[in-house]
Amino acid sequence: MSTSAEINDIEEGLAFQPRFDASGLVTCVATDAATAEVLMVAHMNDEALRKTIATGEAWYFSRSRKSLWRKGETSGHVQRVVEMRMDCDQDAVWIRVEQSGAACHTGRRSCFYRAVTSGEGGTQLSFVDADRLFDPAKVYRK
């Protein structure tokens, strides 16, 4: 249990104290530095966070593969970090990036290419900004 002094230090202090969840991860939101478009949401472990800071390129931790990966290592579509911010309680990271090519593994500029709509038929998804910038089958050889 945290004391109010510890909470105040995390929320108002200048010490970098990332608070990782039980799996050792923090959530990271990546946005385009020029347009503010949300490109993707991923997770970072301590190593990914430190490599991102050290290299100026986005590194993430894949929960499904349980491994570290550098954005663009396969596709060539890297993210150069322009600015990194921590949220108030230091359990989430926001990076503003210069995205080369597509951010999404589906070949799209952003991972957020479907809108949630509600109507008589219930809640559905519809494609928006869904043009592919590359063919994932060719890039990832799936």
Side-chain angles (χ1 to χ4, degrees), residues 1-3 6-142:
M1 186 161 183
S2 299
T3 67
E6 291 170 329
I7 292 169
N8 188 64
D9 185 44
I10 289 169
E11 293 178 351
E12 302 297 332
L14 298 180
F16 182 62
Q17 301 175 54
R19 293 180 52 200
F20 298 96
D21 68 13
S23 299
L25 304 173
V26 294
T27 301
C28 179
V29 178
T31 62
D32 186 285
T35 67
E37 174 186 19
V38 177
L39 298 173
M40 59 184 280
V41 174
H43 295 88
M44 292 180 168
N45 64 1
D46 183 64
E47 185 179 7
L49 187 58
R50 303 236 176 253
K51 282 184 175 267
T52 298
I53 292 166
T55 66
E57 289 188 351
W59 286 78
Y60 300 105
F61 184 82
S62 170
R63 294 180 300 169
S64 59
R65 295 188 309 262
K66 300 195 183 329
S67 63
L68 190 70
W69 58 283
R70 182 179 59 85
K71 180 66 181 156
E73 65 189 329
T74 302
S75 68
H77 299 174
V78 299
Q79 292 176 339
R80 190 182 76 73
V81 178
V82 172
E83 181 182 30
M84 176 183 282
R85 295 188 188 188
M86 292 296 288
D87 77 335
C88 57
D89 55 1
Q90 296 199 46
D91 65 356
V93 179
W94 169 28
I95 57 175
R96 295 177 55 240
V97 301
E98 290 177 345
Q99 175 70 54
S100 90
C104 186
H105 73 282
T106 66
R108 295 175 175 95
R109 169 121 178 100
S110 168
C111 294
F112 296 90
Y113 55 88
R114 294 174 292 184
V116 178
T117 57
S118 182
E120 286 185 30
T123 305
Q124 299 178 26
L125 299 177
S126 61
F127 287 103
V128 293
D129 303 320
D131 295 338
R132 290 186 198 270
L133 301 180
F134 69 88
D135 180 351
K138 290 180 181 174
V139 171
Y140 301 114
R141 308 213 192 302
K142 291 182 179 176

> So do V81 and T52 actually touch side chain to side chain, heavy atoms under 4.5 Å?
Replying inline: yes
> If you draw a 6.0 Å radius around CG in D129, do more than 12 non-hydrogen atoms from other residues or ligands fall strictly inside?
Replying inline: no
> Quick one: does E11's side chain have a donor or acceptor within less than 3.5 Å of a partner on N8's backbone?
Replying inline: no
>> Quick check: do V41 and F112 have side-chain heavy atoms less than 4.5 Å from each other?
In response: yes
> So, D87 side chain and A92 main chain: donor-acceptor pair closer than 3.5 Å or not?
Replying inline: yes
> What do you reckon, is CZ of R132 surrounded by more than 12 foreign heavy atoms closer than 6.0 Å?
Replying inline: yes
> Can you find a heavy atom in the side chain of L49 that is under 4.5 Å from one in the side chain of F20?
Replying inline: yes
> Is there a side-chain contact between T123 and T117 (heavy atoms, below 4.5 Å)?
Replying inline: no
>> Is there a side-chain contact between V82 and E98 in this structure, where contact means two heavy atoms from C-beta onward sitting under 4.5 Å apart?
In response: yes
> Where do A58 and I95 come nearest, in terms of heavy atoms and distance?
Replying inline: CB-CD1, 3.9 Å
> Tell me, do Y60 and H43 make a side-chain contact under 4.5 Å, heavy atoms counted?
Replying inline: no
>> I'd like to know if the side chain of R19 and the backbone of D91 have a donor-acceptor N/O pair within less than 3.5 Å.
In response: no
> Does any N or O in the side chain of R50 come within less than 3.5 Å of the main-chain N or O of E47, such that one atom is a donor and the other an acceptor?
Replying inline: no
> Looking only at heavy atoms, which two atoms of M44 and C28 are closest? And how far apart?
Replying inline: CE-SG, 3.8 Å
> Just by distance, do the side chain of T31 and the backbone of A36 share a donor-acceptor pair under 3.5 Å?
Replying inline: no
> With sequence neighbours excluded, what pairs up with H77 under the ring pair (Phe, Tyr, Trp, His ring centres under 6.0 Å) test?
Replying inline: F134
> Would you call V78 and K71 a side-chain contact if the rule is heavy atoms closer than 4.5 Å?
Replying inline: no
> In terms of side-chain geometry, is the basic nitrogen of E57 or K51 positioned less than 4.0 Å from the acidic oxygen of its partner?
Replying inline: no
> Minimum heavy-atom separation for P136 to G107, with atom names?
Replying inline: CG-N, 4.3 Å
>> Tell me if a side-chain donor or acceptor on D9 pairs with a main-chain N or O of G13 at a distance below 3.5 Å.
In response: no
> Who are the ring pair (Phe, Tyr, Trp, His ring centres under 6.0 Å) partners of W94, not counting sequence neighbours?
Replying inline: none
>> Rounded at 0.5 Å granularity, tell me how far SG in C111 sits from OH in Y113.
In response: 8.0 Å
>> Is it the case that the side chain of R109 and the backbone of A103 share a donor-acceptor pair, with hydrogens and angles ignored and the cut-off at 3.5 Å?
In response: no
>> Could you tell me if the side chain of V97 sits less than 4.5 Å from the side chain of R80, heavy atoms only?
In response: no
>> Donor-acceptor pair, distance only, cut-off 3.5 Å: does the side chain of Q90 make one with the backbone of A15?
In response: yes
> Is it the case that Q79 and Q99 place a side-chain donor and acceptor less than 3.5 Å from each other?
Replying inline: yes
